[in-house]
Amino acid sequence: MSKFQVLNHPLIQHKLTIIRNKHTGTKVFREVANEIGELMVYEITRDLPLKEIEIETPMGKSKQKVLAGKKLAVIPILRAGLGMVDGVLELIPAAKVGHIGMYRDEKTLKPHEYFVKLPSDIDERELFIVDPMLATGGSANMAIEALKKRGAKHMRLVVLVAAPEGVKAVQEAHPDVDIYAASLDEKITDSGYIFPGLGDAGDRLFGTK
Ligand SMILES: O=P(O)(O)OC[C@H]1O[C@H](OP(=O)(O)OP(=O)(O)O)[C@H](O)[C@@H]1O
Ligand SMILES: O=c1cc[nH]c(=O)[nH]1
Ligand SMILES: [Mg+2]
């Protein structure tokens, strides 16, 4: 069974409340969603490997730590996942970015894949799949399948708001994929939205409603 972890850092929780608020407009929503993405990646990269190199400080030679150069990639699930990418790249600017386009049928809630473009060495990279919302888990599961089909081996799913149903669905289908969320919310409503959630993340990010 994969790990599911809620990142309880006070800054993450405070910022999540800002974007949950229906009175928060597109500009602030976009800024704060990216900030949360950045903070979440800070929290989950604590296990990145380091190596020692020799450098020279103004005082003389010394062995010091740098990242060991593990290859990383950020994979936003379009559209809403785009709202976390810039935040992630603030901390890991050398990461490659792969895109997976997915939309959920409003009636059936079933996901449909419409675009996949990934770094060619996807099989060598540790992937951070980002999407603000994990509701039924259908979109995340289809994105993970699309990645695995193309050779991806190591990936984690990073979401802002998760519903219990979505966490269970991903854990059952992909026990090798750890899930990180800023919140585990109560439920999915009859219309397929997470409650209390934050509404339609894509529409709020891009102002399409
Ligand atoms: O867990 P699920 O039940 O699959 O729902 C979650 C998905 O729904 C939203 O995308 P949406 O289909 O609204 O597309 P958009 O990002 O283009 O708005 C969201 O960004 C997730 O990808
Ligand atoms: O609450 C939800 C569920 C799916 N997609 C969203 O954007 N919001
Ligand atoms: Mg949407």
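Remember, it's 1-based here, ligands and their atoms both numbered in the order they're listed.
Ligand 2 has an N or O atom lying under 3.5 Å from an N or O atom of Ala201, backbone or side chain. Ligand 2 has no nitrogen or oxygen under 3.5 angstrom from a nitrogen or oxygen of Gly202. For ligand 1, the polar-atom distance check against Tyr114 finds no nitrogen or oxygen pair separated by under 3.5 Å. At a 3.5 angstrom cut-off on N or O pairs, Ser139 counts as close to ligand 1. Remark: ligand 1 and Ala135 share an N or O pair separated by less than 3.5 Å (distance only, no angle test).
Residue Phe4 qualifies as enclosed at atom CZ: its count of foreign heavy atoms under 6.0 Å is above 12.
In summary, the side chains of Arg104 and Thr136 do not present any donor paired with an acceptor at a separation below 3.5 Å, with no hydrogens or angles considered.
For the pair Met84 and Pro76, the minimum side-chain heavy-atom distance is 4.5 Å or more. Annotation: side chain of Thr45 is not in contact with side chain of Leu72 (no heavy-atom distance under 4.5 Å). Put simply, the side chain of Val158 does not reach to within 4.5 Å of the side chain of Val74, judged on heavy atoms. At a threshold of 4.5 Å between non-hydrogen side-chain atoms, the residues Ile179 and Gln171 count as touching.
Distances shorter than 4.0 angstrom do not occur between any heavy atom of Arg204 and any atom of ligand 2. Taking 4.0 Å as the cut-off, Ala163 does not count as a neighbour of ligand 2 on heavy-atom distance. Remark: distances from the non-hydrogen atoms of Gly137 to ligand 1 include one below 4.0 Å. The shell of residues lying under 4.0 angstrom from ligand 1, judged by heavy atoms, includes Asp131.
Checking Gly197, Gly192, Ala135, Gly199 against atom 8 (N) of ligand 2, the nearest heavy atom belongs to Gly199.
Less than 4.0 angstrom separates atom 10 (O) of ligand 1 from none of the non-hydrogen atoms of the protein. For atom 7 (C) of ligand 1, a protein heavy-atom neighbour is found at a distance under 4.0 Å.
Among the atoms of Asp200, an N, O or S atom falls under 2.8 Å from the Mg ion (ligand 3).
Electrostatic pairing of Lys149 and Glu145 does not count as a salt bridge here, judged by no charged N lying under 4.0 Å from a carboxylate O. Salt bridge annotation for Asp47-Lys3: absent, with no cationic side-chain nitrogen under 4.0 angstrom from a carboxylate oxygen.
Between Ala182 and Gln13, the closest heavy-atom pair is O-NE2, 2.8 Å.
Nearest non-hydrogen protein atom to atom 1 (O) of ligand 2 is Ile194 N, 2.8 Å. From the protein, the heavy atom lying nearest to atom 18 (O) of ligand 1 is Arg79 NH2, 2.9 Å. With respect to atom 14 (O) of ligand 1, the closest heavy atom belonging to the protein is Met102 O, 3.8 Å. For atom 2 (C) of ligand 2, the nearest protein heavy atom (residue, atom name, distance) is Tyr193 CD2, 3.4 Å. With hydrogens left out, the protein atom closest to atom 4 (C) of ligand 2 is Arg104 NH2, 3.5 Å, a heavy atom. Atom 6 (C) of ligand 2 has as its closest protein heavy atom Met133 CG, 3.5 Å. Nearest non-hydrogen protein atom to atom 13 (O) of ligand 1 is Asp200 OD2, 4.1 Å.
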Start with the C-alpha distance between Thr208 and Asp203, add both sets of side-chain angles, then the distance that settles side chain to side chain donor-acceptor pair (under 3.5 Å), and finish with yes or no.
CA-CA 5 Å; Thr208 39; Asp203 285 340; 2.5 Å; yes
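For Asp203, no heavy-atom contact with ligand 1 is shorter than 4.0 Å.
None of Ile75, Asp123, Leu127, Val97 except one satisfies the side chain to side chain contact (heavy atoms under 4.5 Å, CB included) rule with Leu118; the exception is Ile75. Screening Lys70, His154, Lys71, Met155 for a side chain to side chain contact (heavy atoms under 4.5 Å, CB included) with Arg125, the sole residue that qualifies is Lys71.
Short contacts between ligand 1 and Ala80, defined as distances under 4.0 Å to a heavy atom of the residue, involve ligand atoms 16 (O), 20 (O). Applying the 4.0 Å criterion to heavy atoms of Gly202 picks out, from ligand 1, the atoms 18 (O). Close approach to Tyr103 involves these atoms of ligand 1, each under 4.0 Å from a residue heavy atom: 12 (O). Close approach of ligand 1 to Arg104 (heavy-atom distance below 4.0 Å) involves ligand atoms 2 (P), 3 (O), 4 (O), 5 (O), 8 (O), 12 (O). Shown in contact with Thr136 at under 4.0 Å from a heavy atom are these atoms of ligand 1, numbered in order with element: 1 (O), 2 (P), 3 (O), 4 (O). Of all atoms in ligand 1, listed by their number and element, those nearer than 4.0 Å to a heavy atom of Leu78 are 16 (O).
Between Leu48 atom CG and Leu67 atom CG the span is 6.0 Å, to the nearest 0.5 Å. Within the model, atoms CZ of Arg156 and CD of Gln5 stand 10.0 Å from one another, a figure rounded to the nearest 0.5 Å. Distance check: Glu54 CD to Gln64 CD gives 10.5 Å after rounding to the nearest 0.5 Å. In this structure, the separation between CZ on Phe195 and CD1 on Ile188 is 13.5 Å, given to the nearest 0.5 Å.
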